[in-house]
Engineer: 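Below are the C-alpha coordinates for one structure; questions will follow.
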There are 2 protein chains.
Amino acid sequence: MDEKDYLNQMIEAGGKDAELTPKQAKILEAAIEIFAERGYASTSTSEIAKKAGVAEGTIFRHYKTKKELLITIVKPVITKFAVPFFATHFVNQVFNEKTADYEELLRKIIRNRFEFAQKNVPLIKILLQEMAFHTEIQQSYQDVFKKEVFPRFDETIKHFQARGQLVNYPSEAIIRFTITTILGFLITRFIVMPKADWNDEAEINRTIHFLMNGLSKGNEERL
Amino acid sequence: MDEKDYLNQMIEAGGKDAELTPKQAKILEAAIEIFAERGYASTSTSEIAKKAGVAEGTIFRHYKTKKELLITIVKPVITKFAVPFFATHFVNQVFNEKTADYEELLRKIIRNRFEFAQKNVPLIKILLQEMAFHTEIQQSYQDVFKKEVFPRFDETIKHFQARGQLVNYPSEAIIRFTITTILGFLITRFIVMPKADWNDEAEINRTIHFLMNGLSKGNEERL
DNA sequence: AATAATAGTGAGTACTCACTCACCATTAAA
DNA sequence: TTTAATGGTGAGTGAGTACTCACTATTATT
(Lines give C-alpha, C1' and ligand atoms only; values in the text may rest on other atoms or scores of the structure.)
Protein backbone atom coordinates (compact mmCIF):
# COMPACT_ATOMS: atom_id res chain seq x y z
CA MET A 1 0.00 0.00 0.00
CA ASP A 2 2.70 2.45 0.99
CA GLU A 3 4.59 2.48 -2.26
CA LYS A 4 6.40 5.71 -1.51
CA ASP A 5 9.05 3.77 0.30
CA TYR A 6 10.07 2.00 -2.87
CA LEU A 7 10.15 5.10 -4.94
CA ASN A 8 12.18 7.20 -2.58
CA GLN A 9 14.85 4.56 -2.79
CA MET A 10 14.83 4.78 -6.56
CA ILE A 11 15.16 8.51 -6.53
CA GLU A 12 18.00 8.60 -4.05
CA ALA A 13 19.91 5.83 -5.74
CA GLY A 14 19.04 6.80 -9.32
CA GLY A 15 21.56 9.59 -9.28
CA LYS A 16 21.25 13.12 -7.93
CA ASP A 17 18.08 14.99 -8.71
CA ALA A 18 16.26 12.32 -10.65
CA GLU A 19 12.66 13.36 -10.28
CA LEU A 20 10.04 10.89 -11.38
CA THR A 21 7.03 11.99 -13.38
CA PRO A 22 3.73 10.53 -12.20
CA LYS A 23 3.72 8.06 -15.08
CA GLN A 24 7.26 6.95 -14.36
CA ALA A 25 6.28 6.32 -10.76
CA LYS A 26 3.24 4.37 -11.91
CA ILE A 27 5.44 2.20 -14.12
CA LEU A 28 7.74 1.37 -11.22
CA GLU A 29 4.85 0.62 -8.89
CA ALA A 30 3.21 -1.65 -11.41
CA ALA A 31 6.43 -3.43 -12.32
CA ILE A 32 7.31 -4.07 -8.67
CA GLU A 33 3.91 -5.49 -7.95
CA ILE A 34 3.78 -7.83 -10.94
CA PHE A 35 7.42 -8.89 -10.79
CA ALA A 36 6.95 -9.88 -7.14
CA GLU A 37 3.79 -11.81 -7.91
CA ARG A 38 4.58 -13.64 -11.12
CA GLY A 39 8.34 -13.26 -11.53
CA TYR A 40 10.34 -11.21 -13.98
CA ALA A 41 10.43 -13.70 -16.83
CA SER A 42 6.69 -14.29 -16.91
CA THR A 43 5.76 -10.63 -16.72
CA SER A 44 5.20 -8.89 -20.06
CA THR A 45 5.86 -5.25 -20.70
CA SER A 46 2.34 -4.89 -22.09
CA GLU A 47 1.01 -6.12 -18.76
CA ILE A 48 3.06 -3.57 -16.86
CA ALA A 49 1.92 -0.79 -19.17
CA LYS A 50 -1.70 -1.78 -18.76
CA LYS A 51 -1.50 -1.87 -14.95
CA ALA A 52 0.37 1.44 -14.88
CA GLY A 53 -2.21 3.08 -17.18
CA VAL A 54 0.47 3.97 -19.69
CA ALA A 55 1.29 3.20 -23.30
CA GLU A 56 3.78 0.39 -23.77
CA GLY A 57 6.14 2.73 -25.55
CA THR A 58 6.39 4.91 -22.47
CA ILE A 59 8.19 2.15 -20.61
CA PHE A 60 10.86 2.02 -23.29
CA ARG A 61 11.21 5.79 -23.31
CA HIS A 62 12.62 5.54 -19.78
CA TYR A 63 14.24 2.09 -19.77
CA LYS A 64 16.09 0.79 -22.79
CA THR A 65 15.12 -2.78 -22.07
CA LYS A 66 12.85 -4.73 -19.77
CA LYS A 67 15.94 -5.93 -17.95
CA GLU A 68 17.09 -2.36 -17.31
CA LEU A 69 13.75 -1.79 -15.60
CA LEU A 70 14.40 -4.80 -13.37
CA ILE A 71 17.90 -3.67 -12.48
CA THR A 72 16.69 -0.16 -11.68
CA ILE A 73 14.25 -1.68 -9.22
CA VAL A 74 16.52 -4.27 -7.65
CA LYS A 75 19.88 -2.58 -7.29
CA PRO A 76 18.93 -0.02 -4.64
CA VAL A 77 17.32 -2.80 -2.60
CA ILE A 78 20.65 -4.55 -2.21
CA THR A 79 22.30 -1.43 -0.87
CA LYS A 80 19.40 -0.47 1.35
CA PHE A 81 19.00 -3.93 2.79
CA ALA A 82 22.61 -4.99 3.19
CA VAL A 83 24.46 -1.86 4.20
CA PRO A 84 22.62 -0.90 7.38
CA PHE A 85 23.14 -4.51 8.38
CA PHE A 86 26.45 -3.11 9.47
CA ALA A 87 26.37 0.61 8.99
CA THR A 88 29.22 2.74 10.22
CA HIS A 89 26.95 4.27 12.76
CA PHE A 90 26.45 0.97 14.56
CA VAL A 91 30.05 -0.08 14.39
CA ASN A 92 31.31 3.18 15.81
CA GLN A 93 28.86 2.89 18.61
CA VAL A 94 30.13 -0.56 19.42
CA PHE A 95 33.74 0.49 19.65
CA ASN A 96 33.09 3.66 21.62
CA GLU A 97 30.62 2.51 24.23
CA LYS A 98 32.29 0.32 26.79
CA THR A 99 29.05 -1.28 27.83
CA ALA A 100 28.16 -2.40 24.33
CA ASP A 101 27.91 -6.12 23.80
CA TYR A 102 27.00 -8.38 20.90
CA GLU A 103 23.46 -8.80 22.16
CA GLU A 104 22.85 -5.09 22.04
CA LEU A 105 24.19 -4.92 18.52
CA LEU A 106 22.04 -7.87 17.45
CA ARG A 107 18.96 -6.24 18.88
CA LYS A 108 19.55 -3.05 16.91
CA ILE A 109 20.23 -4.90 13.68
CA ILE A 110 17.20 -7.14 13.97
CA ARG A 111 14.79 -4.35 14.86
CA ASN A 112 16.15 -2.29 12.02
CA ARG A 113 15.96 -5.00 9.39
CA PHE A 114 12.58 -6.16 10.64
CA GLU A 115 11.09 -2.76 9.91
CA PHE A 116 12.75 -2.58 6.55
CA ALA A 117 11.49 -6.02 5.57
CA GLN A 118 7.99 -5.16 6.74
CA LYS A 119 7.84 -2.14 4.47
CA ASN A 120 9.43 -3.75 1.43
CA VAL A 121 8.12 -7.28 1.07
CA PRO A 122 7.60 -7.15 -2.72
CA LEU A 123 11.06 -5.75 -3.33
CA ILE A 124 12.67 -8.44 -1.20
CA LYS A 125 10.71 -11.11 -3.02
CA ILE A 126 11.97 -9.83 -6.35
CA LEU A 127 15.54 -9.68 -5.09
CA LEU A 128 15.46 -13.23 -3.72
CA GLN A 129 13.90 -14.61 -6.90
CA GLU A 130 15.92 -12.84 -9.55
CA MET A 131 19.32 -12.93 -7.87
CA ALA A 132 19.65 -16.53 -9.02
CA PHE A 133 19.42 -15.68 -12.71
CA HIS A 134 20.98 -12.28 -13.34
CA THR A 135 24.72 -11.86 -13.06
CA GLU A 136 24.37 -8.07 -12.75
CA ILE A 137 22.42 -8.53 -9.53
CA GLN A 138 24.88 -11.13 -8.21
CA GLN A 139 27.75 -8.78 -8.95
CA SER A 140 26.08 -5.90 -7.22
CA TYR A 141 25.37 -8.06 -4.19
CA GLN A 142 28.93 -9.35 -4.00
CA ASP A 143 30.38 -5.86 -4.23
CA VAL A 144 28.23 -4.62 -1.40
CA PHE A 145 28.78 -7.64 0.79
CA LYS A 146 32.53 -7.88 0.31
CA LYS A 147 33.25 -4.16 0.58
CA GLU A 148 30.64 -2.91 3.00
CA VAL A 149 29.19 -5.66 5.12
CA PHE A 150 31.83 -8.33 5.60
CA PRO A 151 34.84 -6.22 6.69
CA ARG A 152 32.91 -4.36 9.38
CA PHE A 153 31.15 -7.47 10.57
CA ASP A 154 34.44 -9.34 10.72
CA GLU A 155 36.11 -6.59 12.69
CA THR A 156 33.27 -6.38 15.16
CA ILE A 157 33.22 -10.09 15.82
CA LYS A 158 36.94 -10.25 16.41
CA HIS A 159 36.53 -7.35 18.82
CA PHE A 160 34.03 -9.30 20.90
CA GLN A 161 36.02 -12.51 20.64
CA ALA A 162 39.07 -10.71 22.00
CA ARG A 163 36.95 -9.61 24.94
CA GLY A 164 35.87 -13.18 25.55
CA GLN A 165 32.22 -12.52 24.78
CA LEU A 166 31.95 -14.68 21.68
CA VAL A 167 32.79 -18.29 21.02
CA ASN A 168 36.01 -18.99 19.13
CA TYR A 169 34.52 -20.12 15.84
CA PRO A 170 36.08 -18.63 12.71
CA SER A 171 34.39 -15.27 12.31
CA GLU A 172 32.97 -16.41 8.95
CA ALA A 173 31.01 -19.06 10.79
CA ILE A 174 29.66 -16.58 13.33
CA ILE A 175 28.67 -14.25 10.51
CA ARG A 176 26.95 -17.11 8.72
CA PHE A 177 25.00 -18.23 11.79
CA THR A 178 23.97 -14.67 12.55
CA ILE A 179 22.82 -13.80 9.06
CA THR A 180 21.22 -17.19 8.50
CA THR A 181 19.21 -16.92 11.71
CA ILE A 182 18.07 -13.37 11.07
CA LEU A 183 17.21 -13.97 7.42
CA GLY A 184 15.55 -17.24 8.33
CA PHE A 185 13.33 -15.40 10.76
CA LEU A 186 12.49 -12.54 8.39
CA ILE A 187 11.82 -14.81 5.41
CA THR A 188 9.62 -17.09 7.51
CA ARG A 189 7.86 -14.10 9.03
CA PHE A 190 7.16 -12.12 5.84
CA ILE A 191 7.38 -14.52 2.93
CA VAL A 192 6.81 -18.14 3.91
CA MET A 193 4.17 -17.67 6.61
CA PRO A 194 3.08 -14.03 6.56
CA LYS A 195 -0.47 -14.94 7.55
CA ALA A 196 0.29 -16.83 10.74
CA ASP A 197 -0.47 -14.77 13.84
CA TRP A 198 2.95 -13.74 15.02
CA ASN A 199 3.88 -12.25 18.35
CA ASP A 200 6.62 -10.17 16.85
CA GLU A 201 8.09 -8.86 20.09
CA ALA A 202 8.39 -12.31 21.60
CA GLU A 203 9.76 -13.76 18.40
CA ILE A 204 12.42 -11.10 18.03
CA ASN A 205 13.50 -11.64 21.63
CA ARG A 206 13.62 -15.39 21.17
CA THR A 207 15.69 -15.04 18.04
CA ILE A 208 18.24 -12.85 19.84
CA HIS A 209 18.19 -15.20 22.78
CA PHE A 210 18.79 -18.25 20.59
CA LEU A 211 21.64 -16.56 18.78
CA MET A 212 23.29 -15.38 21.96
CA ASN A 213 23.11 -18.82 23.55
CA GLY A 214 24.52 -20.37 20.42
CA LEU A 215 27.39 -17.93 20.12
CA SER A 216 28.33 -16.94 23.67
CA LYS A 217 31.67 -17.90 25.13
CA GLY A 218 31.21 -20.26 28.02
CA ASN A 219 28.52 -22.38 26.45
CA GLU A 220 31.08 -24.28 24.46
CA GLU A 221 31.39 -28.02 24.86
CA ARG A 222 34.25 -29.33 22.77
CA LEU A 223 36.12 -28.09 19.67
CA MET B 1 27.08 -35.66 -13.58
CA ASP B 2 25.35 -38.44 -11.71
CA GLU B 3 21.89 -37.89 -13.08
CA LYS B 4 20.63 -41.35 -12.16
CA ASP B 5 19.69 -40.05 -8.75
CA TYR B 6 17.12 -37.71 -10.22
CA LEU B 7 15.60 -40.28 -12.47
CA ASN B 8 15.23 -43.00 -9.90
CA GLN B 9 13.17 -40.59 -7.91
CA MET B 10 10.90 -39.95 -10.85
CA ILE B 11 10.41 -43.62 -11.49
CA GLU B 12 9.62 -44.50 -7.92
CA ALA B 13 7.27 -41.58 -7.43
CA GLY B 14 5.78 -41.62 -10.91
CA GLY B 15 3.54 -44.52 -10.05
CA LYS B 16 4.32 -48.22 -9.98
CA ASP B 17 6.31 -49.60 -12.85
CA ALA B 18 6.76 -46.44 -14.86
CA GLU B 19 9.77 -47.29 -16.96
CA LEU B 20 11.38 -44.45 -18.83
CA THR B 21 12.51 -44.86 -22.40
CA PRO B 22 15.98 -43.48 -23.11
CA LYS B 23 14.48 -40.42 -24.78
CA GLN B 24 12.16 -39.76 -21.87
CA ALA B 25 15.12 -39.88 -19.52
CA LYS B 26 17.03 -37.50 -21.78
CA ILE B 27 14.13 -35.06 -21.69
CA LEU B 28 14.07 -35.06 -17.88
CA GLU B 29 17.83 -34.66 -17.64
CA ALA B 30 17.82 -31.76 -20.06
CA ALA B 31 14.83 -30.07 -18.44
CA ILE B 32 16.34 -30.34 -14.95
CA GLU B 33 19.61 -28.87 -16.10
CA ILE B 34 18.13 -25.91 -17.97
CA PHE B 35 15.37 -25.19 -15.45
CA ALA B 36 17.99 -25.00 -12.71
CA GLU B 37 20.21 -22.74 -14.73
CA ARG B 38 17.81 -20.28 -16.34
CA GLY B 39 14.53 -20.84 -14.52
CA TYR B 40 11.30 -22.43 -15.69
CA ALA B 41 9.75 -19.35 -17.28
CA SER B 42 12.75 -18.50 -19.41
CA THR B 43 13.33 -22.03 -20.62
CA SER B 44 11.70 -22.94 -23.93
CA THR B 45 10.51 -26.39 -24.84
CA SER B 46 12.50 -26.17 -28.08
CA GLU B 47 15.63 -25.63 -26.01
CA ILE B 48 14.89 -28.68 -23.90
CA ALA B 49 14.21 -30.77 -26.99
CA LYS B 50 17.45 -29.64 -28.58
CA LYS B 51 19.54 -30.43 -25.51
CA ALA B 52 17.82 -33.79 -25.08
CA GLY B 53 18.41 -34.69 -28.74
CA VAL B 54 14.71 -35.18 -29.33
CA ALA B 55 11.97 -33.66 -31.47
CA GLU B 56 9.93 -31.00 -29.73
CA GLY B 57 6.79 -33.04 -30.26
CA THR B 58 8.25 -35.88 -28.24
CA ILE B 59 8.10 -33.76 -25.09
CA PHE B 60 4.39 -33.22 -25.57
CA ARG B 61 3.83 -36.91 -26.25
CA HIS B 62 4.79 -37.57 -22.61
CA TYR B 63 3.75 -34.35 -20.86
CA LYS B 64 0.55 -32.55 -21.79
CA THR B 65 2.05 -29.15 -20.98
CA LYS B 66 5.38 -27.60 -20.13
CA LYS B 67 4.06 -27.08 -16.61
CA GLU B 68 3.26 -30.77 -16.24
CA LEU B 69 6.89 -31.47 -17.00
CA LEU B 70 7.93 -29.09 -14.23
CA ILE B 71 5.57 -30.64 -11.71
CA THR B 72 6.75 -34.15 -12.60
CA ILE B 73 10.26 -33.04 -11.81
CA VAL B 74 9.59 -31.04 -8.66
CA LYS B 75 6.96 -33.01 -6.77
CA PRO B 76 9.11 -36.01 -5.86
CA VAL B 77 11.82 -33.66 -4.62
CA ILE B 78 9.52 -32.30 -1.94
CA THR B 79 8.76 -35.75 -0.63
CA LYS B 80 12.33 -36.98 -0.87
CA PHE B 81 13.77 -33.91 0.78
CA ALA B 82 11.22 -33.24 3.49
CA VAL B 83 10.10 -36.65 4.66
CA PRO B 84 13.38 -38.18 5.80
CA PHE B 85 13.87 -34.95 7.71
CA PHE B 86 11.76 -36.82 10.21
CA ALA B 87 11.24 -40.32 8.98
CA THR B 88 9.55 -42.87 11.17
CA HIS B 89 12.76 -44.80 11.42
CA PHE B 90 14.49 -41.96 13.22
CA VAL B 91 11.61 -41.13 15.49
CA ASN B 92 11.18 -44.70 16.60
CA GLN B 93 14.83 -44.87 17.36
CA VAL B 94 14.57 -41.79 19.51
CA PHE B 95 11.72 -43.12 21.63
CA ASN B 96 13.20 -46.56 22.05
CA GLU B 97 16.79 -45.86 22.85
CA LYS B 98 17.17 -44.42 26.29
CA THR B 99 20.51 -42.86 25.50
CA ALA B 100 19.20 -40.93 22.50
CA ASP B 101 19.37 -37.16 22.76
CA TYR B 102 18.55 -34.24 20.48
CA GLU B 103 22.16 -33.85 19.43
CA GLU B 104 22.31 -37.40 18.15
CA LEU B 105 19.11 -36.86 16.21
CA LEU B 106 20.41 -33.60 14.75
CA ARG B 107 23.60 -35.28 13.66
CA LYS B 108 21.72 -37.98 11.79
CA ILE B 109 19.39 -35.52 10.12
CA ILE B 110 22.15 -33.16 9.03
CA ARG B 111 24.39 -35.90 7.66
CA ASN B 112 21.46 -37.37 5.83
CA ARG B 113 20.23 -34.14 4.30
CA PHE B 114 23.77 -33.01 3.49
CA GLU B 115 24.28 -36.05 1.29
CA PHE B 116 20.92 -35.60 -0.34
CA ALA B 117 21.61 -31.95 -1.09
CA GLN B 118 25.05 -32.78 -2.45
CA LYS B 119 23.58 -35.21 -4.96
CA ASN B 120 20.61 -33.07 -6.00
CA VAL B 121 21.72 -29.47 -6.27
CA PRO B 122 19.88 -28.70 -9.52
CA LEU B 123 16.62 -30.18 -8.25
CA ILE B 124 16.81 -28.16 -5.06
CA LYS B 125 17.51 -25.00 -7.03
CA ILE B 126 14.43 -25.60 -9.14
CA LEU B 127 12.30 -26.28 -6.08
CA LEU B 128 13.46 -23.13 -4.29
CA GLN B 129 12.93 -20.97 -7.36
CA GLU B 130 9.60 -22.24 -8.59
CA MET B 131 7.88 -22.77 -5.27
CA ALA B 132 7.22 -19.04 -5.16
CA PHE B 133 5.13 -19.03 -8.33
CA HIS B 134 3.24 -22.30 -8.63
CA THR B 135 0.39 -23.07 -6.28
CA GLU B 136 0.57 -26.78 -7.09
CA ILE B 137 4.07 -26.91 -5.66
CA GLN B 138 3.10 -24.87 -2.61
CA GLN B 139 0.17 -27.18 -1.98
CA SER B 140 2.32 -30.27 -2.28
CA TYR B 141 4.86 -28.78 0.11
CA GLN B 142 2.24 -27.83 2.67
CA ASP B 143 0.67 -31.27 2.58
CA VAL B 144 3.97 -32.96 3.20
CA PHE B 145 5.07 -30.56 5.91
CA LYS B 146 1.79 -30.50 7.83
CA LYS B 147 1.09 -34.21 7.62
CA GLU B 148 4.53 -35.80 7.65
CA VAL B 149 7.16 -33.49 9.05
CA PHE B 150 5.55 -31.21 11.59
CA PRO B 151 3.63 -33.72 13.75
CA ARG B 152 6.64 -36.00 14.26
CA PHE B 153 8.99 -33.12 14.81
CA ASP B 154 6.60 -31.57 17.31
CA GLU B 155 6.23 -34.81 19.21
CA THR B 156 9.95 -35.36 19.37
CA ILE B 157 10.68 -31.91 20.67
CA LYS B 158 8.07 -32.17 23.40
CA HIS B 159 9.61 -35.48 24.35
CA PHE B 160 13.00 -33.87 24.87
CA GLN B 161 11.52 -30.84 26.59
CA ALA B 162 9.78 -33.12 29.07
CA ARG B 163 13.13 -34.71 29.82
CA GLY B 164 14.64 -31.30 30.44
CA GLN B 165 17.03 -31.49 27.50
CA LEU B 166 15.56 -28.67 25.46
CA VAL B 167 14.76 -25.09 26.25
CA ASN B 168 11.12 -24.20 26.88
CA TYR B 169 10.44 -22.27 23.69
CA PRO B 170 7.20 -23.12 21.91
CA SER B 171 8.05 -26.18 19.84
CA GLU B 172 7.26 -24.21 16.64
CA ALA B 173 10.13 -21.91 17.48
CA ILE B 174 12.54 -24.79 18.08
CA ILE B 175 11.46 -26.34 14.79
CA ARG B 176 11.97 -23.04 13.04
CA PHE B 177 15.46 -22.50 14.47
CA THR B 178 16.47 -26.05 13.66
CA ILE B 179 15.22 -26.02 10.08
CA THR B 180 16.43 -22.49 9.46
CA THR B 181 19.93 -23.31 10.67
CA ILE B 182 20.19 -26.53 8.71
CA LEU B 183 18.72 -25.07 5.51
CA GLY B 184 20.85 -21.97 5.95
CA PHE B 185 23.95 -24.13 6.09
CA LEU B 186 22.98 -26.33 3.13
CA ILE B 187 21.93 -23.40 0.94
CA THR B 188 25.11 -21.48 1.75
CA ARG B 189 27.21 -24.59 1.20
CA PHE B 190 25.71 -25.76 -2.10
CA ILE B 191 23.98 -22.79 -3.69
CA VAL B 192 25.29 -19.44 -2.47
CA MET B 193 28.98 -20.31 -2.07
CA PRO B 194 29.54 -23.77 -3.55
CA LYS B 195 33.04 -22.84 -4.72
CA ALA B 196 34.47 -21.75 -1.39
CA ASP B 197 36.77 -24.39 0.09
CA TRP B 198 34.66 -25.90 2.81
CA ASN B 199 35.80 -28.18 5.58
CA ASP B 200 32.54 -30.07 5.60
CA GLU B 201 33.22 -32.18 8.69
CA ALA B 202 34.15 -29.17 10.79
CA GLU B 203 31.23 -27.16 9.47
CA ILE B 204 28.70 -29.88 10.19
CA ASN B 205 30.02 -30.22 13.72
CA ARG B 206 29.93 -26.49 14.26
CA THR B 207 26.38 -26.29 13.02
CA ILE B 208 25.27 -29.01 15.43
CA HIS B 209 27.23 -27.37 18.19
CA PHE B 210 25.68 -23.96 17.55
CA LEU B 211 22.18 -25.42 17.48
CA MET B 212 22.70 -27.40 20.68
CA ASN B 213 24.05 -24.40 22.55
CA GLY B 214 21.17 -22.31 21.32
CA LEU B 215 18.51 -24.83 22.26
CA SER B 216 19.81 -26.66 25.31
CA LYS B 217 18.10 -26.32 28.66
CA GLY B 218 20.41 -24.67 31.12
CA ASN B 219 21.77 -22.05 28.77
CA GLU B 220 18.68 -19.96 29.23
CA GLU B 221 19.00 -16.48 30.59
CA ARG B 222 15.59 -14.93 31.12
CA LEU B 223 12.03 -15.19 29.71
C1' DA C 1 6.90 34.06 -30.47
C1' DA C 2 10.14 30.67 -31.98
C1' DT C 3 12.94 26.78 -30.74
C1' DA C 4 14.21 22.90 -28.50
C1' DA C 5 13.98 19.48 -25.40
C1' DT C 6 11.41 16.09 -22.92
C1' DA C 7 7.29 13.00 -22.05
C1' DG C 8 3.95 10.23 -23.98
C1' DT C 9 1.66 7.54 -27.66
C1' DG C 10 0.12 3.17 -30.11
C1' DA C 11 0.22 0.85 -34.41
C1' DG C 12 3.66 -1.87 -36.43
C1' DT C 13 7.69 -5.45 -36.76
C1' DA C 14 10.26 -9.48 -36.57
C1' DC C 15 10.45 -13.12 -33.85
C1' DT C 16 9.64 -16.73 -30.30
C1' DC C 17 6.51 -19.33 -27.73
C1' DA C 18 3.82 -23.60 -26.30
C1' DC C 19 1.35 -26.73 -28.44
C1' DT C 20 -0.94 -29.65 -32.54
C1' DC C 21 -1.32 -33.05 -35.92
C1' DA C 22 -0.81 -36.07 -39.68
C1' DC C 23 2.46 -39.26 -40.50
C1' DC C 24 6.30 -43.06 -39.88
C1' DA C 25 8.64 -47.04 -37.02
C1' DT C 26 8.70 -50.65 -33.80
C1' DT C 27 6.94 -53.87 -30.96
C1' DA C 28 2.98 -56.81 -28.96
C1' DA C 29 -1.38 -58.95 -29.16
C1' DA C 30 -5.03 -61.19 -32.00
C1' DT D 1 -0.48 -61.58 -41.19
C1' DT D 2 -3.43 -58.19 -39.64
C1' DT D 3 -4.44 -54.95 -35.94
C1' DA D 4 -3.48 -52.07 -32.39
C1' DA D 5 -0.91 -49.64 -29.33
C1' DT D 6 2.93 -46.87 -28.17
C1' DG D 7 6.99 -43.92 -29.14
C1' DG D 8 8.87 -40.55 -32.03
C1' DT D 9 8.80 -36.85 -35.60
C1' DG D 10 8.99 -31.88 -37.38
C1' DA D 11 6.60 -28.62 -40.18
C1' DG D 12 2.84 -25.73 -39.06
C1' DT D 13 -0.18 -22.36 -36.16
C1' DG D 14 -1.96 -18.54 -33.74
C1' DA D 15 -1.08 -16.01 -29.78
C1' DG D 16 1.88 -13.53 -27.75
C1' DT D 17 6.74 -11.18 -27.07
C1' DA D 18 10.16 -7.15 -26.49
C1' DC D 19 11.10 -3.39 -28.76
C1' DT D 20 10.81 0.62 -32.62
C1' DC D 21 9.42 4.74 -34.67
C1' DA D 22 7.07 8.49 -36.59
C1' DC D 23 4.21 11.35 -34.47
C1' DT D 24 1.66 14.67 -30.95
C1' DA D 25 1.51 17.41 -26.40
C1' DT D 26 3.65 19.86 -22.97
C1' DT D 27 6.93 22.49 -20.82
C1' DA D 28 11.41 25.34 -20.59
C1' DT D 29 14.69 28.35 -22.88
C1' DT D 30 16.00 31.93 -25.91
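Below, all heavy atoms of this structure are taken into account, side chains as well, without hydrogens, waters or symmetry copies. Each chain gets a letter, A, B and so on, in the order its sequence line appears, and its residues count up from 1.
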Engineer: May I ask you to decide whether B/Arg107 forms a salt bridge with B/Glu103, counting only side-chain N to carboxylate O separations under 4.0 Å?
Structural biologist: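 Counted as a salt bridge, because a side-chain N and a carboxylate O are separated by less than 4.0 Å.
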
Engineer: When you measure from the side-chain N and O atoms of B/Lys23 to the phosphate of D/dG8, is any distance below 4.0 Å, counting only OP1 and OP2?
Structural biologist: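 The answer is no; no side-chain N or O of B/Lys23 sits under 4.0 Å from OP1 or OP2.
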
Engineer: Strictly below 4.0 Å: does A/Lys64 bring a side-chain N or O up to OP1 or OP2 of D/dT20?
Structural biologist: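 Answer is no, no contact under 4.0 Å.
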
Engineer: Quick check on C/dT16: is either OP1 or OP2 less than 4.0 Å from any side-chain nitrogen or oxygen of B/Ser46?
Structural biologist: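 Checking B/Ser46 against C/dT16: no side-chain N or O falls below 4.0 Å of OP1 or OP2.
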
Engineer: Please state how far atom OH in A/Tyr40 lies from atom P in D/dA18, giving the value in whole angstrom units.
Structural biologist: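 Between P of D/dA18 and OH of A/Tyr40: 8 Å.
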
Engineer: Classify B/Thr21 by what it touches in the nucleic acid, base, sugar-phosphate, or nothing, heavy-atom distance under 4.0 Å.
Structural biologist: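 The answer is sugar-phosphate, as B/Thr21 gets under 4.0 Å only of primed atoms, P, OP1 or OP2.
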
Engineer: So which nucleotide from C/dA22, C/dA7, C/dA18 ends up closest to the side chain of A/Arg61?
Structural biologist: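 Selected nucleotide: C/dA7.
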
Engineer: Does the pair A/Glu155/A/Lys158 count as a salt bridge with the N-to-O cut at 4.0 Å?
Structural biologist: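 Between A/Lys158 and A/Glu155 there is no salt bridge, as every charged N stays at least 4.0 Å from the carboxylate O atoms.
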
Engineer: Indicate whether OP1 or OP2 belonging to D/dA18 is found under 4.0 Å from a side-chain N or O atom of A/Lys67.
Structural biologist: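 Indeed not, no polar side-chain atom of A/Lys67 lies that close.
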
Engineer: Look at all strands and tell whether B/Thr43 reaches a base, only sugar-phosphate, or nothing, counting heavy atoms closer than 4.0 Å.
Structural biologist: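 The answer is sugar-phosphate, as B/Thr43 gets under 4.0 Å only of primed atoms, P, OP1 or OP2.
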
Engineer: So does B/His62 get a side-chain nitrogen or oxygen closer than 4.0 Å to the phosphate oxygens (OP1/OP2) of D/dG8?
Structural biologist: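 The answer is yes; a side-chain N or O of B/His62 sits under 4.0 Å from OP1 or OP2.
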
Engineer: If the plane angle is over 60° it's perpendicular, under 30° parallel, otherwise tilted; pick one for A/Tyr102 and A/Phe153.
Structural biologist: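 Correct class here is tilted.
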
Engineer: What is the separation between atom NZ on A/Lys66 and atom P on D/dC19, rounded to the nearest whole Å?
Structural biologist: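 Nearest whole value for this atom pair: 8 Å.
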
Engineer: Can a cation-pi geometry be assigned to A/Lys80 and A/Phe116, taking NZ or CZ under 6.0 Å from the six-membered ring centre and within 45° of the ring axis?
Structural biologist: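 No cation-pi geometry.
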
Engineer: When we call it a touch if two heavy atoms are under 4.0 Å apart, what does B/Thr45 touch: a base, just sugar-phosphate, or nothing?
Structural biologist: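 Base, at least one base heavy atom under 4.0 Å.
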
Engineer: If you look at every strand shown and take non-hydrogen atoms under 4.0 Å, does B/Thr58 touch a base, only sugar-phosphate, or nothing?
Structural biologist: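 Base contact - B/Thr58 has a heavy atom under 4.0 Å of at least one base atom.
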
Engineer: How do A/Gly57 and B/Thr65 order along DNA chain C: which one's closest nucleotide is nearer the 5' end?
Structural biologist: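 Residue closer to the 5' terminus by nearest nucleotide: A/Gly57.
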
